Amino acid sequence: MTTTLESPTAASLLAWYDRHHRDLPWRVSPPMAARGVKPDPYRVWLSEVMLQQTTVPAVKAYFAKFLERWPTVNDLAAAANEDVMAAWAGLGYYARARNLKKCAEAVAADHAGRFPDTEEGLRALPGIGDYTSAAVAAIAFNRQAAVMDGNVERVISRLYAISAPLPGAKPLMKHKVALLTPADRPGDFAQAMMDLGATICTPKRPVCSLCPFNGACQALAAHDPERFPVKAAKKEKPVRQGAAFVAVNDDGEIFLRRRVESGLLGGMTEVPTTGWTARIDGETGIEAAPFPADWQPAGTVTHVFTHFELRLSIWRAKSVTQNDNHDGWWAPVTNLEEQALPTVMKKAIAQAIPNAFAKMPLEQKSGIHS
DNA sequence: AAGCCGTGGAA
DNA sequence: TTTCCAAGGCT
């Protein structure tokens, strides 16, 4: 028997969204909008940047912290770089934090503290690309912008059974999104597409029975929604190795320094380490110590980055009294939360000093081995 | 334009 | 355990 597919409509998705939208801290939901609440472009932008390649649960606490500490874009623009990096520590992709600060400064200095209200204007700001410019334009300024993220790619690729692989198929998919995006409620439409992808049209085992597009979905009609989206094969991660050096003095302080502004963990705080540029046969030992001390082996730590796996040999020295290395500072071990320490550095420190994060434990971070 | 850039949770 | 991938951007 043959089935006739419906045409997908924005109206059907918006009706679903009105009933099943997620309530999120940065979102003006339909009931709120009905009460006259207007979106705050600063909050929309802040949340969108934090959500780049990052899950909703991971973002929530950071969003609350940033909003409490820097309630407006002008507050963020006036903040110290180190404070912003420290507040971002743990969220990953630290170029986002550097660009976040630059963007806030540009909005404050060049736009009188008001975000541009067009895609083009937003797109010109640091850290705002194709997705974020469209998302902020649609959600904060009600612009009819075609918003496409990973969720939307999945929904669209299934709806139209697009067999061409990503990322090459992006322009085609964006065209489909643009055709579907309504002039009325474009921001809700964008958020609805993303909610649908996050809760119904999931990567595995999508709940097609609850989908507002289930009468229009070509992938469902073909009984294989999980086949889409098709993606290019990914490369395997090489293993690199290196060493990290945790020096402690008798005042209970640890020696830290700042990484260079660009590249991996750029601008973040670290304990002295080797470069990690070496492959598995690279140096991992005491010969790379930043200064002379009674260095003792203290186990290993593994950490998986986006494009390589790192195996770190940890060295510890106690009662360090001095060193000739002046490119860093000593910080109390009991107050490391104030430092801009990325997760891999917290793992290295926790390995050398097990009670370093006793107040706010580093949980059972995987990859720590004695 | 393909590689670089974090982290953690779910399956 | 391994694999995937989450509201991507920059160079």
Side-chain angles (χ1 to χ4, degrees), chain A residues 22 24-27 43-63 85 88-100 102-103 122-140 145-155 166-168 170 174 177 187 189-199 202-206 226 229 231-238 240 259 261-268 276-277 302-310 340-347 362-367:
Chain A
R22 291 178 290 177
L24 300 171
W26 45 84
R27 170 174 290 176
R43 299 186 188 201
V44 174
W45 161 76
L46 178 62
S47 66
E48 291 299 344
V49 173
M50 287 184 167
L51 286 161
Q52 290 167 4
Q53 295 291 288
T54 308
T55 59
V56 165
V59 164
K60 282 183 176 176
Y62 286 85
F63 179 78
M85 299 309 288
W88 194 278
L91 200 53
Y93 283 137
Y94 298 99
R96 291 186 295 169
R98 300 194 298 270
N99 285 329
L100 188 84
K102 290 178 189 170
C103 182
L122 291 159
R123 183 69 174 77
L125 292 166
I128 299 184
D130 288 335
Y131 164 75
T132 305
S133 58
V136 175
I139 297 170
V147 178
M148 189 171 74
D149 73 326
N151 289 302
V152 179
E153 287 172 357
R154 189 166 53 254
V155 172
L166 288 168
K170 265 191 168 184
K174 177 127 179 170
V177 177
F189 176 82
Q191 294 178 91
M193 287 287 278
M194 293 187 278
D195 275 22
L196 189 70
T199 65
T202 49
K204 302 297 181 186
R205 302 198 50 152
E226 286 189 20
K231 297 188 176 183
K234 44 184 65 85
K235 298 172 50 178
E236 67 177 284
K237 294 181 180 179
R240 299 182 189 176
R259 293 175 64 85
E261 279 299 310
S262 61
L264 185 72
L265 308 178
M268 300 297 285
W276 312 344
T277 55
T302 64
H303 189 76
V304 181
F305 291 100
T306 307
H307 56 293
F308 69 94
E309 175 183 331
L310 177 64
L341 289 167
T343 297
V344 64
M345 296 302 165
K346 289 188 175 183
K347 286 163 78 169
L362 198 58
E363 314 84 45
Q364 321 311 334
K365 293 287 187 190
S366 61

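Lettering follows sequence order; numbering is per chain, from 1. Remember, it's a predicted structure, so these values are computed and weren't measured experimentally.
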_Determine whether A/Q191 and A/R27 satisfy the following criterion, side chain to side chain donor-acceptor pair (under 3.5 Å), listing intermediate values before the conclusion._
CA-CA 9 Å; A/Q191 294 178 91; A/R27 170 174 290 176; 3.0 Å; yes
*Report the residues that fulfil salt bridge (Lys or Arg N to Asp or Glu O under 4.0 Å) with A/R43, sequence neighbours left out, ordered by chain and then residue number.*
A/D40
*Just checking A/W26: base, sugar-phosphate only, or nothing, at a heavy-atom cut-off of under 4.0 Å?*
base
_Rounded to whole Å, please give me the gap between CE in A/M50 and P in B/dG8._
15 Å
*Which part of the nucleic acid, if any, lies within reach of A/L46 when heavy atoms closer than 4.0 Å are counted: base, sugar-phosphate only, or nothing?*
nothing
*asked:* Quick one, A/W26 and A/V59 - any side-chain contact, counting heavy atoms below 4.5 Å?
replied: yes
*For A/R98, report the nucleic acid contact type (base, sugar-phosphate, nothing); a contact means any heavy atom under 4.0 Å.*
nothing
*Please step through side chain to side chain donor-acceptor pair (under 3.5 Å) for the pair A/E48 and A/Y131, ending with a clear verdict.*
CA-CA 9 Å; A/E48 291 299 344; A/Y131 164 75; 2.6 Å; yes
_Whether the side chain of A/R96 engages the backbone of A/G127 through a donor-acceptor N/O pair (distance < 3.5 Å, no angle test) should be reported._
no
*Pick the P atom in C/dA7 and in B/dA10, then give their distance to the nearest Å.*
14 Å
*Distance between the C1' atoms of C/dG8 and B/dA1, in whole angstroms?*
16 Å
*Taking the six-membered ring where the residue is Trp, are the ring centres of A/H303 and A/F305 under 6.0 Å apart?*
yes
_So does A/G266 get a backbone contact from the side chain of A/R98, meaning a donor-acceptor N/O pair under 3.5 Å?_
yes
*asked:* Go nucleotide by nucleotide along DNA chain C from the 5' end; which of A/N151 and A/I128 gets its closest nucleotide reached first?
replied: A/N151
*Name the nucleic acid region contacted by A/S47, choosing base, sugar-phosphate or nothing; use a 4.0 angstrom heavy-atom cut-off, strictly under.*
nothing
*Side chains of A/W45 and A/L100: does their closest heavy-atom pair fall under 4.5 Å?*
yes
*Quick one: label A/P126 by what it contacts on the DNA or RNA (base, sugar-phosphate, nothing), any heavy atom closer than 4.0 Å.*
sugar-phosphate
*asked:* Can you tell me if A/K237 has over 12 outside heavy atoms packed within less than 6.0 Å of its NZ?
replied: yes
*Going 5' to 3' on DNA chain C, which nucleotide is the first and which the last to come under 4.0 Å of a heavy atom in chain A?*
C/dC4 to C/dC10
*Under 4.0 Å between any heavy atoms, over every strand shown, what does A/G197 touch: base, sugar-phosphate, or nothing? Just pick one.*
nothing
*Going 5' to 3' through nucleotides 1-6 of chain B, assign each nucleotide B (protein heavy atom under 4.0 Å from a base atom), S (under 4.0 Å only from sugar-phosphate atoms) or - (no protein heavy atom that close).*
---SBB
